[in-house]
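Here the structure is laid out as structure tokens; the discussion comes afterwards.
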Amino acid sequence: MRLQLYNSLDRKKSEFNPIHPGKVGLYTCGPTVYNFAHIGNLRTYIFEDILKRVLRYNDYQVKHVMNITDVGHLTGDRDMGEDKMEKGAQREGRTAWEIAEFYTQAFKSDIAQLNILEPEIWVKATDTIDEQIALIKILEEKGYSYRTGDGIYFDTSKFKNYTRLSHQDIESLQEGARVEKNPAKRNATDFALWKFSPEGVRRQMEWDSPWGTGFPGWHIECSAMSMKYLGELLDIHCGGTDHIDVHHTNEIAQSEAATGRKFFNCWMHGAFLIVAGGKKMAKSEDNFLTLHNAFVKKGIKPLVYRFATFQTHYRKPMEYSEESIQASRNGLQHLQNQVRQAAQNSAGQKGTVIDEYKTRFLEAINDDLNMPRAMAVVQEMLKSRSGDADKHATIIDYDRVLGLSLDQVDKPDELPEKIKILIAERQAARDAKDWAASDRLRDMIQDLGYTVQDTKDGIKVIKN
Ligand SMILES: [Zn+2]
């Protein structure tokens, strides 16, 4: 079965055909690096990673670009509010540049722990200011922009079919947005291409431009970068569903206005993560779960989260609860045991990928990345009457898409960092003959799922 993908532009599934046979350009909107990513954001990056792996599994050569928004993203999507970077700097008593660097590294560490493949090209917004200015100049020459007291804006009324992606009713959109506090805009949906630094204020991140000192709007960076690095390969552009109404809609408007050509053929969006109780997870709300506080700190492997996301189709909201994560933890452990068993039973014998199950797996993933169905195929295959060596070869082949490091299940487990620290602290307590502290630490380690035994050869740590 050929790969079918759901395109948000026409709201239906259709066969995917890249512009250039065999090659796919993929652009995924990256993080705004003023804080940690929350696990709702990370769900979108896992979905995009599955997409990229499925494209590769279908023998496409993928060129993947991801941006890092390190400037110009205001707290409100519609160009009002404070600058997130400068606000983060204030909060933490560091410079905006330090904040950006710190959270970029934190993001890269998160995705590495989730086995998300890195893009071929990372681009920082602050490294493409010239390209963004050049694009704004074109829009100005073509008459799509105008100047207000606080910046250069894109006139959305001049762009035909502005709501093509969002499918919103433009009349009610303008009506609803009238509450906004920027009377200088011609239309409520107009958005900033360039914002001026406020009078008398020296921002940490600002640049000269033909219009005055300031910084680019958020949307323009993705247009400038995708065109710069993907050139003609404008195949698939992804993000979270919250990008549809404003960010991606504005990217399309300004890019197509500038070039007069279609900007990306296929738009794909990952749905939200809902925290038990029904609230969408967002940085602006209090239910802020990071990979660290929801998983690592509790001694749960980040790959459990990757596995958990496979239980829900990427276009459906996913429920997060401690129980569902516990179930996924058991599920992943069970799968690892099955793979270990198949490897042991085949005793070094090389198997071959089972045709029938390869086809069925491909049918599931090629049906708009249907991972719940793919996981059902995984279980049917492992429980089938096929030989263990062939089963093992097949699951390792599937793992090119699953990304669960199933070829590593035979290797001994690395202890989580937190456990290593507690063990070292317990050793220090024992050296100081502080037995009460030593016992307390042993109990803490026990609560995190590990048992410490003192043997004549030293300490032994066993996973419960
Ligand atoms: Zn973007």
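For ligands, and for the atoms within them, numbers begin at 1 and follow the listed sequence. What you are looking at is a predicted structure, and each value in this text was computed from that prediction instead of being measured.
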Practice task
Tell me, please, which residues at least two apart from Ser328 pass side-chain hydrogen bond (donor to acceptor under 3.5 Å, both in side chains).
Solution key: none
Problem - Ring geometry between Tyr45 and Phe107 (parallel below 30°, tilted from 30 to 60°, perpendicular above 60°) - result: perpendicular
Exercise for the section: For the residue pair His237 and His248, categorise the inter-ring angle as parallel (less than 30°), tilted (30 to 60°) or perpendicular (more than 60°). Expected result: perpendicular
Practice task
Please name all residues satisfying ring-ring contact (aromatic ring centres under 6.0 Å, His included) with Tyr57, sequence neighbours left out, ordered by chain then number.
Solution key: Phe361
Handout entry: Partners passing ring-ring contact (aromatic ring centres under 6.0 Å, His included) against Phe159 (at least two apart in sequence or in another chain)
Key = none
Problem - Nearest-0.5 Å distance that lies between atom CD1 in Ile152 and atom CZ in Arg147 - result: 5.0 Å
Practice task
Work out how many protein N, O or S atoms lie closer to the Zn ion (ligand 1) than 2.8 Å.
Solution key: 3
